[in-house]
Asks: 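Encoded as structure tokens, here's the structure I'll be asking about.
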Amino acid sequence: MKAPTNAAMTTDRRRFLAVCLAGTGGLTLGFPLLAPRTAMAAEATFRPNAFLAIGGDGTITATVPYAEMGQGAMTSIAMLAAEELAVAPAAIKTVLAPGDNKLYAHPVLGEQITGGSASLAGSWMPIRKAAAAARIMLVEAAARRWGVGAATCTVADGRVHHAASKRSLAYSELAQAAASVPVPADPPVKTGGFKVIGTAAPRVDSAAKVDGSAVFGLDVRRPGMVYAAVQASPVIGGKLGAVDDKPALAVAGVTQVVRLANAVAVVGRHTGAARKGLAMLEPHWDGGLTDLSTEALVKQADAALDRKGVTAATKGDVAKAFAGAASTFEADYRMPMLAHAAMEPLNCTVEVRDGACEIWVGSQVPGRARIDVAKALGLDEDRVKVNSYLIGGGFGRRLQSEWIVQAALIARQVKAPVKVVWSREEDTRQDAYRYHNHSRVRVALDAKGNPLAFDHRIVAPAIMLWFLPSLLWKDGVDVDATNAATGPYAFPNLMVDYVRNDPPDGLLVGNWRGVGETRNGFVVETVMDQLAAKAGVDPVEYRRRLLPPKSRIAVLLDRLAQETGWGKPLPAGTTRGVAIQSGFGSHMGLVAQVRMDGGKLKVERMTAVIDCGIAVNPNVVRQQIEGGLLFGLTAALYSNITIADGRVVESNFHDQPVVRMVNTPKIDVIIIENGNDPGGVGEPGTAIVAPAIANAVFAATGKPLHQLPLPASMVERV
Amino acid sequence: MGNAVKLKVNGEIHDVDAEPDTPLLWALRDLVGLTGTKFGCGVALCGACTVHVDGLPRRSCVTPISAVGEAEVLTIEGVGKTPVGKAVQDAWLKVEVVQCGYCQAGQIMQATALLTADPAPDDAAIDRAMTGNICRCGTYPRIRAAIHAAAKQRVA
Amino acid sequence: MTKPSHLALCAAVLVTAASATWSATAPAPGDPARPLRSVASFGTIRDQAERSAAIFAEAGKVIQSPRCLNCHPATRTPTQGDAMRPHVPFMVSSDGNHGPKGLPCATCHGADNSRTFAAGIASVPGNAHWQLAPIEMAWQGLTLPQICEQLKDPKRNGSRSLAQIVTHMNTDHLVGWAWEPGEGRSKAPGTQAGFGALIEAWVKTGAHCPRA
């Protein structure tokens with residue numbers, strides 16, 4: 001893997017500044033791998049290292065290097081390009097880039113990855129530079145044609161204008177000529193006076209998602225396609241033993257039973273037949289971790305709390321601070337395994353033919369999926385093509401590609417394109433879970449209850465060691481797991497200690513919306529309220545004292561207090577809790593208002609303030625915060641994946657509840673406007689919910705909460 | 001094989017070759033080729049597969065085609081041709097409800113069923129009728145707002 | 001009668017006595033693992049009132065099975081499964097006992113049980129008359145003697161005579177659903193015929209209720 005660099009966003013962006021102005025007819029980026037030879041030959045001469053194409057018909061096409069899974073990548077990228085090209089965002093056609101780590105790598109993450117709420121930050125300069133370059137080339141082409149200086153030309157409404165001579169030409173008329181203009185090395189982008197950026201332009205993907213015409217991975221149709229239902233070993237790490245395929249083959253419409261090492265699939269003329277066929281099978285599963293249980297995993301993580309780990313961050317002298325402390329605070333935290341439970345169950349369409357493999361899928365790592373499939377099938381990477389489709393919710397699950405490899409291995413045994421669709425039960429039981437996370441926090445306090453030292457021991461798996469080692473695994477520390485481990489606070493002495501605690505082989509774990517900030521936000525922000533209570537200080541005031549004055553997060557906290565009337569009386573029977581965090585290049589605060597009634601919790605209201613720098617599309621920002629909050633609320637209230645006898649117990653939405661409309665609280669989102677570069681907005685909302693609610697419950701009951709999900713006795717399932 | 005069943009979907013008759021116990025969902029998606037109706041849970045827990053059968057909402061994942069008979073099936077692809085469905089779709093765009101969009105076909109079909117039965121629902125009535133439809137992107141507040149907007153537009 | 005007089009019994013189901021929907025098909029085979037005692041086996045109890053109460057207690061195994069209780073909740077929200085957890089998704093009966101406006105029970109519950117071919121919930125239960133018992137027929141939270149008294153009270157049994165109750169229990173298709181609840185769901189004990197016979201014997205012996 002290419003070594004990514006943190007500075008890539010502001011330095012070498014030439015690689016991402018690829019502009020291609022298509023000539024007559026325009027060029028399209030998508031060539032079917034299994035197309036006739038002539039098209040393959042054409043592909044060889046075309047390097048689709050472009051974010052933009054302008055066709056002779058005037059179509060402006062922006063290639064979106066990221067997955068669109070609701071976070072608004074298509075809209076944001078259309079807006080960035082539209083700003084520099086002086087057209088309406090709706091005039092830009094967006095296409096999802098195929099899987100290609102070389103062409104579409106994220107400038108910071110170093111690969112074609114949609115994660116870490118980093119898509120917009122990763123596009124902010126490259127897309128605008130690409131569009132600015134295109135504009136400059138179009139202007140140059142017009143100026144040459146008119147024999148005037150380029151500086152005397154302007155652009156508006158998809159045309160180049162020469163005011164003095166009252167002439168103008170449409171981009172479409174200039175596309176071919178512009179293609180021969182040299183690509184500017186470092187085109188300047190607008191630094192202000194935005195016409196598109198900062199507006200709540202309608203999402204470019206809404207219309208198709210409202211009339212049913214949007215094509216998600218599940219909706220892909222290929223000529224001659226068949227459908228497969230699959231079940232992998234329900235015992236974690238188990239292998240497929242004997243299976244009598246006759247009962248499945250007896251189902252009308254079933255054509256084939258496919259065996260993999262750890263799974264069985266039934267292929268049919270439609271998914272209904274395949275699912276029925278699969279239900280008829282009684283496969284035997286061999287081996288696996290039949291003794292595994294949640295109790296054992298929790299015990300293991302608890303034991304890890306007593307181990308010394310690797311120092312992830314340190315400042316001052318923690319031991320000395322504790323020696324001189326007036327009092328101390330200590331608490332252990334436990335967070336459960338979580339599933340992603342996106343609405344679109346995992347699915348993948350694959351055709352393997354003539355030594356090549358073509359895939360139709362929605363993936364957060366299409367480039368990596370391509371490599372992984374090539375490896376699994378023994379093909380060269382350039383014989384594997386990954387076509388990208390809309391994703392019905394990612395939340396980190398689709399940062400894994402093992403399910404795409406599974407589909408390819410099935411397809412290898414099927415003589416037709418095959419769409420493999422996981423059941424909801426399979427999606428729940430074969431997830432790449434957020435793993436058990438435990439924490440131990442020790443705080444040394446002075447006589448007034450102010451922290452002298454903050455010592456946070458983090459027990460977490462080494463996700464980044466395999467996911468993104470070059471960027472996020474440093475000297476034995478998972479940088480993500482230890483991120484934000486002391487919050488945004490200026491503690492005089494601090495220590496972050498990382499104790500690696502991996503799951504047993506066979507249990508797949510991975511990234512989950514909000515990543516390290518989610519695990520640590522709950523810990524740090526609930527500790528803050530306990531410390532404030534111990535000191536007899538208001539929780540907002542207690543935090544304020546520990547924030548760098550006038551910092552963005554300090555400004556945000558004041559705004560949050562002001563917007564929520566913090567300190568003013570609340571309706572009878574209600575309490576509120578606050579939480580703040582800095583992460584994903586943004587700053588965020590939340591006040592949750594709850595009612596404790598007969599020991600039952602009702603979350604009535606959530607008021608969020610977000611500072612994400614320039615809000616490229618305030619509507620999309622609001623959507624992401626609203627959605628992030630509700631995603632986090634589900635986790636805080638309900639989510640807990642458990643294992644018994646080596647099997648995941650939960651299976652569907654009845655035993656893995658999610659927030660529904662009936663228990664959705666009132667939500668307000670306030671955006672702090674400033675001119676900083678855009679930060680991420682997909683994950684901050686999720687990360688901040690649990691601590692704000694736990695603090696509100698603490699305010700009501702006086703009993704701190706150190707475990708997620710919140711106590712079942714408190715939570716009514718709906 | 002050879003179980004040709006006629007399904008009337010969005011006003012057109014389709015011959016569908018499937019067993020009687022085949023869920024309508026898969027007949028629509030895989031055999032008729034209307035993929036707007038989505039699969040979410042397979043057991044009527046999430047509402048993503050909601051269609052109308054003779055004007056009433058049905059979770060197509062648990063509705064065998066044998067139970068449909070000659071009834072009229074209306075899907076997201078056809079609901080825009082009804083006045084209520086059109087108003088709902090317009091409101092969805094106006095309020096910018098959509099994020100990933102996967103559940104929205106079901107939400108729109110369910111909301112249309114609600115507004116057909118109750119042209120001016122209050123928040124509680126919306127909650128009651130819509131809470132069988134899951135959205136993991138958290139668009140519930142906007143769905144609620146869009147239903148109000150559609151109701152208002154219908155009255156206006 | 002013009003005003004529908006419903007008697008809520010097994011499953012979520014209320015049926016008019018004169019309903020043409022009851023099925024004449026043979027009773028479901030029932031669950032052999034959990035038989036009901038025969039009426040004859042109570043013959044040893046000399047005292048008629050005592051015998052009557054004992055027979056009702058036996059029938060109570062059916063009445064208090066999850067198949068029946070789930071849709072006779074004390075709130076307006078049904079429960080589900082043998083553990084009788086709250087219905088998922090959240091559901092309310094609304095005025096007509098058929099669900100709220102826009103979300104009738106039939107949205108998910110068809111005229112018959114529907115197999116899902118899913119790895120978890122194997123079927124979604126169904127019946128042409130699927131609905132929730134009216135609030136006055138709530139059974140959850142009541143003792144069997146309380147249910148017994150309620151069953152005899154025309155104000156709380158859908159204005160039924162005891163004879164109508166016997167007919168209903170014996171023959172109603174929806175009552176019968178409790179012994180044909182669909183794949184993945186435990187059946188009510190015994191058979192509908194056995195249950196009906198117990199109810200009939202209970203009425204013939206004076207319809208005495210067990211003591212609290």
Side-chain angles (χ1 to χ4, degrees), chain B residues 19-26 39-47 49-69 71 84 88 106-107 109-122 124-134 147 151, chain C residues 12 21 70-71 73 75-81 83 85-132 135 173 177 180-185:
Chain B
E19 291 289 288
D21 61 4
T22 302
L24 176 60
L25 170 68
W26 302 115
F39 165 60
C41 70
V43 290
L45 290 170
C46 80
C49 66
T50 304
V51 300
H52 295 184
V53 177
D54 275 350
L56 293 171
R58 285 283 186 279
R59 306 296 193 234
S60 64
C61 73
V62 295
T63 305
I65 54 174
S66 60
V68 176
V84 180
V88 169
Q107 303 277 7
M109 296 308 289
Q110 183 57 45
T112 303
L114 166 63
L115 288 175
T116 303
D118 183 357
D122 60 12
I126 293 173
D127 284 2
R128 282 195 295 268
M130 297 302 297
T131 219
N133 287 71
I134 295 174
I147 291 173
Chain C
T21 59
N70 273 333
C71 290
T75 67
R76 303 305 288 140
T77 296
T79 52
Q80 284 179 324
R85 57 168 164 70
H87 190 279
V88 179
F90 176 76
M91 188 68 183
V92 290
S93 63
S94 219
D95 300 340
N97 304 315
H98 287 86
K101 279 182 184 171
L103 190 67
C105 299
T107 304
C108 304
H109 300 282
D112 291 299
N113 300 325
S114 166
R115 287 192 68 183
T116 64
F117 308 111
I121 296 168
S123 70
V124 172
N127 188 285
H129 293 265
W130 198 262
Q131 59 183 300
L132 203 74
I135 189 66
H173 191 251
W177 175 90
E180 260 184 282
E183 204 178 344
R185 218 162 274 108

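So that the names make sense, note that chain A is the first sequence line, chain B the second, and so on, each numbered from 1.
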Asks: For the CG atom of B/Asp127 and the CZ atom of C/Phe90, what is their distance to the nearest 0.5 Å?
Replies: 9.0 Å

Asks: Do you know which of B/Ser66, B/Ala129, B/Gly47 has the most heavy-atom pairs with chain C at a distance under 4.5 angstrom?
Replies: B/Ala129

Asks: Do you know the tightest heavy-atom contact between C/Lys101 and B/Leu114?
Replies: O-CD1, 3.4 Å

Asks: Quick one: does B/Arg58's side chain have a donor or acceptor within less than 3.5 Å of a partner on C/Ala106's backbone?
Replies: yes

Asks: Given the rule in the side-chain contact (heavy atoms from CB on, under 4.5 Å) test, do B/Leu56 and C/Thr107 qualify, once you have shown the distances and angles that lead to the verdict?
Replies: CA-CA 7 Å; B/Leu56 293 171; C/Thr107 304; over 6 Å; no

Asks: Tell me, side chain or backbone of C/Val88 under 4.5 Å from chain B's heavy atoms, or both, or neither?
Replies: both

Asks: Taking the side chain as everything from C-beta on, heavy atoms only, tell me whether B/Arg128 gets closer than 4.5 Å to C/Leu103.
Replies: no

Asks: Would you mind checking which part of B/Thr116 comes under 4.5 Å of any heavy atom in chain C, side chain (CB onward), backbone (N, CA, C, O), both or neither?
Replies: neither

Asks: Got a second to check how far C/Thr116's OG1 is from B/Leu45's CG, nearest 0.5 Å?
Replies: 10.0 Å

Asks: For residues B/Pro57 and C/Pro104, determine if any side-chain heavy atom of one lies less than 4.5 Å from a side-chain heavy atom of the other.
Replies: yes

Asks: Measure C/Ala111 against the heavy atoms of chain B and call it side chain, backbone, both or neither at under 4.5 Å.
Replies: neither

Asks: By side chain to side chain contact (heavy atoms under 4.5 Å, CB included), which residues pair with C/Ser114, not counting sequence neighbours?
Replies: B/Val62, B/Pro64

